[in-house]
Amino acid sequence: MGYNFLEIEKKWQNYWAKNQTFKASNKSELPKYYVLDMFPYPSGAGLHVGHPLGYIASDIYARYKRHKGFNVLHPQGYDSFGLPAEQYAIQTGQHPNLTTEANINRYRKQLDKMGFSFDWSREVRTSQADFYKWTQWIFLLLFDSYYCKTTNSAQPIKKLVSHFETNGNANLNAVSDEKIISFTPDDWTAFSYKEKQEVLLMYRLAYLSESEVNWCSELGTVLANDEIVNGVSERGGYMVTKKKMKQWSMRIGAYAERLLEGLNQLDWPESLKEMQRNWIGKSIGANVRFNIQDYKGVIEVFTTRPDTLFGVTFMTLAPEHPLVNTIISDQQKVEVLAYVEASAKRSERDRMSDVKSISGVFTGAYAIHPFTKEPIPIWIGDYVLAGYGTGAVMAVPCGDQRDFNFAKHFNIQIRNIFEGADITTEAFVEKGKTKIKDSDFLNGLAYKEAMIKVIKRLEQEGSGEGTINYRLRDAIFSRQRYWGEPIPIYYKNGIPVALKTENLPLVLPEVEQYLPTPEGAPPLGNAPTWAWDTISEKVVPNARLNETSVFPLELNTMPGWAGSSWYFNRYMDADNQEAFVGKEAVNYWQNVDLYIGGSEHATGHLLYSRFWQKFLFDLNLLPVDEYAKKLINQGMILGSSAFIYRKKGTQEYVSKNLIKDFEVESIRVDISMVNNSDELDLEALRKWQPQFSTASFVLENGVYHVEREVEKMSKSKYNVVNPDLICEQYGADTLRMYEMFLGPIEQAKPWNTAGISGVHSFLKKLWKLYHNSEGFYVSEGSASKESLKSLNQTIKKVTEDIENFSFNTCISSFMICVNELTAQKCNERGVLEPLAILLAPFAVHLSEELWQLMGHDTSISTVSFPIYEPSYLVESSKNYPVSFNGKMRFTIELSLKLNPQEIEEIIMKDERTQLQLQGRNPKKVIVVPGKIINIVG
RNA sequence: GCCUUGGUGGCGGAAUUGGUAGACGCGUUGGAUUCAAAAUCCAAUUCUUUCGGGAGUGUGGGUUCGAUUCCCACCCAAGGUACCA
């Protein structure tokens, strides 16, 4: 009677599915607890061993909470729109929906094998019309809202219109495009329909605007920074340039302050909150306007150091700055245009990371200092980014290192305005450390006073004002892709008009080609008729566009983060046809109590979803404005890629430690052909790809050693490890416990199966505890004091560890416990029954089996978690007449006459040895010389 | 570059508030059992040593009676860096 994990696991997986054991109810007397995983993108490579890490952790906690008497919601679904399915469709012509469906089915099988306690009746898929209907619905709400700074919330656009009708845009405290010009109520009434719509677009939370994208004309498409390598496209190696395009954007900037504030109340990792804070990047400073010599325009700059205004010796514009073309002098024209063109080819990331090479060019124009009226040369430099602030900076080389380097490099004047500061080799950047000099009315002032005074003067003279600036940019919401949610907008004479909500979903059309159209329009342009008939209120096949009733639909689709920005609310009420989530359901579940997912989403999904939540909260559609109370980042499980070395120009491969004698290139090979000692299975390699079938190998001691490198798991890197094999070989319970035993969940670690046998033999030992040579055997007698002590120590440790998500140390405690009970020959129900419940969140199938063997006919998941009995841990001792349980602290006053060495000698000889006799863990002795001795156990 | 995280035996990792560094597991070595193997059980296992000791938590400094833990500088690795999800 061995531990037959295959049979046990299958049995209980079927049992749970049949009995719907983990189906959550929206009505319950019990307190609610919502445990959420970040839903996976169903990739073609299948689920790999990295995915379950977070799911196992959340599953343990969800199961634990059920034992603790909570009504637990633990759902799962698929983020099923995405680029890989589309790429595959482009290559093969297969509809992404087919690929996606196949991948989802595979994922589901794999997930089921691991015994997760998901409530599958609430599954969502972002690419399904009954889900994205509501994504489109939320988009329309955003389109139909603006941000009112007085109420500090989103408001319906109707309110804005009525404000315009009575006041124009005077006294309006709303977030808008910067270029808005003021108008009166009469102006508004006189505006044409088109003009009115254009004005409203400047306020809408979902709006159209010109934004800059990476355009690849060869591919006829827009590329992500990710798809650009060394300035050319990853696919094909074509040239990529910056191009302005009309794009949908989300005015997330309106929520910058609330997104920042909201972080304080969240139980999220401090590091992740810090990342979001930095991403939002609030900085307080001033906008300063400089007139331009012999030209009537102004340059507006944002600076966090207006106190250094008298240290300005030049200005720098981003190469994309709109004024560049108009202000350049004729002599400089050729040079400047060449520079602008060159920097258009560099990605923003390149420009930011390359700080060592300083580049720039003088425009030939001069700005005028607002106070001294001195001329200031205007330069262009690509260290200034168009997307941040105003795209222009006032350069103060004495107080900013980048300005300093730029000035030194181009031999521009540096003026020192800091008392006693040495600026011969570097800028003096510490604010508030000294006083300001040579600065007219700011002389002798420190940083703070100078800031206040200069901003006041700027405002008086109309050449600037105090400003708060956020680094957070509005999020571009258009994608030139096929496989995403269609944007429910049509264009009437070039003006975007929203579909009516009752006409949703706007279903993704069939196309023959998933590539952009030959004219460079997004793939939806390939649809036979992607047009909206306003009379029948339908997409009408073969209808012709006309001026009166049939209008072109938006060709862009929504980005990947659209569906994931609200899916967690859908789980609460996944079948609701009338609303994105029912009032009753959302009032019961409120929000997510525990969210587990990777930190790679810190400034993407985790920020956008907070934004949507706050928006929906503003419209009174949700009861809370933060959706995830507690968040834990599971570290990524990294793949360990393998490389072999080929002698250049030959079919001869050289083992890792012998390459120094040859000129070699490295080639990736599949990780499944390499064992734990980095030895390559040559036979497998020969069969793997035809190019290796005739290869020869230079071996060391008869084996070929590969080079290893740790990186993200991905199909293209041949380093994906499939959990199915491990489930077959060791069982899901072993896999679950092993992944948790690998280390702290927050920590990233490379996958390695080296230690899995230890966890597996633990489960075998556990099985043996409940069996004797005849078969299952649990005694009804009373357990020994020793066994009860082991049990209660374990209950205490396990409970604490689960609450702290310290699952690796928790499993260590289980191992110690089982070893102790085995040594004690414990077989009493009084110990073995609680032990099975303790293990139920971890070894989910095995504990159900043992529970049944012990004569229970319901699932172990409904049983209360054991509570430890402190009295079993109390121990009396001859040496120490003191009992201890858990943390213990003695403070013993010693004679002050002894010197530290003498004290130490006494302690080392006596107390320490005595204390070491007690308990399982050695005790620590602390000696504080001359004063107190603490003995901490 | 910038933001975030991490660096401890042959390996994954533990160490509560600054107090015996290396829990637990893998691996290795030795032993028991076996005709043998698998499985199982027991013991040892940071390195070094002239067996007295000595060194040791990425590197170099600092604070402290005492530092894996706190501070400063640096090196290395991973994640993010706005159209990968």
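Letters A, B, ... mirror the listed sequences (proteins, then strands); counts begin at 1. Since the model is a prediction, treat every value here as computed from it, not as a measurement.
- Taking atom CG on A:D801 and atom P on B:A14, their separation rounds to 11 Å, with Å as the unit.
- With P as the reference atom, B:A37 and B:G52 are 39 Å apart, rounded to whole Å.
- In this structure, the CD1 atom of A:I811 is 14 Å from the P atom of B:G13, given to the nearest Å.
- Contact annotation: A:N225 side-chain N/O to B:A82 OP1/OP2 distance is under 4.0 Å.
- Residue A:R471 is in base contact, counting any heavy-atom pair closer than 4.0 Å across all strands shown.
- Listed candidates were B:G12, B:G80, B:G27. Nearest to the side chain of A:E600 is B:G80.
- Side chains of A:S233 and A:E218: no donor on one and acceptor on the other come within 3.5 Å.
- Atom name P, nucleotides B:G10 and B:C47: the rounded distance is 7 Å, in whole Å.
- Contact check on A:R481 versus A:E227 returns a salt bridge, with a Lys/Arg side-chain nitrogen under 4.0 Å from an Asp/Glu carboxylate oxygen.
- Under the side chain to side chain contact (heavy atoms under 4.5 Å, CB included) criterion, A:E270 pairs with A:K273, A:R277, not counting sequence neighbours.
- Here the separation of B:A23 from B:C71, taken at their C1' atoms, is 29 Å to the nearest Å.
- Listed pair A:Q747 / B:G13 meets the phosphate criterion, a side-chain N or O lying under 4.0 Å from OP1 or OP2.
- Of the candidates B:G79, B:C84, B:U5, B:U5 carries the atom nearest the A:S271 side chain, counting heavy atoms from C-beta on.
- Nucleotides B:C26 and B:G79 place their C1' atoms 28 Å apart, quoted to the nearest Å.
- Side-chain atoms of A:T126 come within 3.5 Å of backbone N or O of A:S80 as a donor-acceptor pair.
- Under the side chain to side chain contact (heavy atoms under 4.5 Å, CB included) criterion, A:V393 pairs with A:T316, A:Y383, A:V384, not counting sequence neighbours.
- With its glycosidic angle more than 90° from 0, B:G10 is assigned anti.
- A donor-acceptor contact shorter than 3.5 Å is absent between the side chain of A:K243 and the backbone of A:T241.
- Using a 4.0 Å heavy-atom distance criterion, A:Q247 is classed as a base contact.
- If you check B:U69 for Watson-Crick or wobble pairing at under 3.5 angstrom, you find it has no partner at all.
- If A:N556 and A:S806 are placed on RNA chain B by their nearest nucleotide, the residue sitting closer to the 5' end is A:S806.
- Rounded to an integer number of Å, the gap from CD of A:E746 to C1' of B:U4 is 14 Å.
- A:K749 has its NZ atom 16 Å from the C1' atom of B:C26, to the nearest Å.
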Show which side-chain atoms of residues 40-54 of chain A pair as donor or acceptor with protein atoms under 3.5 Å away, not counting sequence neighbours.
unit_1	atom_1	unit_2	atom_2	d
A:Y41	OH	A:A85	N	3.0
A:S43	OG	A:A45	N	3.1
A:H48	ND1	A:G50	N	2.9
A:H51	ND1	A:H48	N	3.0

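- Under the 3.5 Å distance criterion, the side-chain polar atoms of A:Q634 are left unmatched by any main-chain donor or acceptor of A:E746.
- With a cut-off of 3.5 Å on both pairing distances, the Watson-Crick or G-U wobble partner of B:A77 is B:U5.
- Looking at which nucleotide of RNA chain B each of A:Y738 and A:S599 is closest to, the 5′-most match is held by A:Y738.
- In this structure, A:H601 reaches the bases: a heavy-atom distance under 4.0 Å links it to at least one base atom across the strands shown.
- Distance CD1 (A:I637) to P (B:G13): 10 Å, rounded to an integer number of Å.
- At the heavy-atom level, A:E274 lies under 4.0 Å from the strands shown only through sugar-phosphate atoms.
- Annotation: B:C3 and B:U63 have their C1' atoms spaced 29 Å apart (nearest Å).
- Remark: A:F741 engages no residue in a ring-ring contact (aromatic ring centres under 6.0 Å, His included) (not counting sequence neighbours).
- Aromatic rings from A:F477 and A:F139 are positioned such that their centres are separated by under 6.0 Å.
- In this structure, B:G9 is classed as syn because its glycosidic torsion stays within 90° of zero.
- When Watson-Crick and G-U wobble pairs are counted only if both distances are under 3.5 Å, B:A55 pairs with B:U46.
- Separation of the P atoms belonging to B:C2 and B:G9 is 29 Å when rounded to the nearest angstrom.
- When the P atom is compared between B:G58 and B:G53, the two are found 27 Å apart, to the nearest whole Å.
- Base contact: A:F741 has a heavy atom under 4.0 Å from a base atom.
- For B:C11, neither phosphate oxygen OP1 nor OP2 lies less than 4.0 angstrom from any side-chain nitrogen or oxygen of A:N752.
- Side chain of A:P84, nearest nucleotide from B:C84, B:C24, B:G79: B:C84.
- Across the protein-nucleic acid pair, A:I358 atom CD1 and B:G1 atom C1' stand 13 Å apart, rounded to whole Å.
- Remark: the separation of the C1' atoms in B:U68 and B:A15 is 9 Å, to the nearest Å.
- Backbone-only engagement by A:P744 is indicated by non-hydrogen atom pairs under 4.0 Å involving sugar-phosphate atoms exclusively.
- Heavy atoms of A:W561 sit nowhere under 4.0 angstrom from any nucleic acid atom.
- Looking at the side chain of A:N278, the nearest of the listed nucleotides B:A85, B:U4, B:A82 is B:U4.
- The side chain to side chain contact (heavy atoms under 4.5 Å, CB included) check on A:R471 picks up A:W279, A:Y388, with sequence neighbours excluded.
- In this structure, A:Y608 atom OH and B:G80 atom P are separated by 14 Å, rounded to whole Å.
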I'd like to compare against my own output: the B/S/- annotation of nucleotides 36-42 of chain B with a strict under-4.0 Å heavy-atom distance to protein. ---SSS-
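- A:S813 comes within 4.0 angstrom of no nucleic acid atom, judged by non-hydrogen atoms across all strands.
- The partner of B:U40, taking Watson-Crick or G-U wobble pairs whose two distances both stay under 3.5 Å, is B:A32.
- As judged by a 4.0 angstrom heavy-atom cut-off over every strand, A:L472 is placed among the base-contacting residues.
- Spacing between atom CD of A:E270 and atom P of B:U5 amounts to 10 Å, rounded to whole angstrom units.
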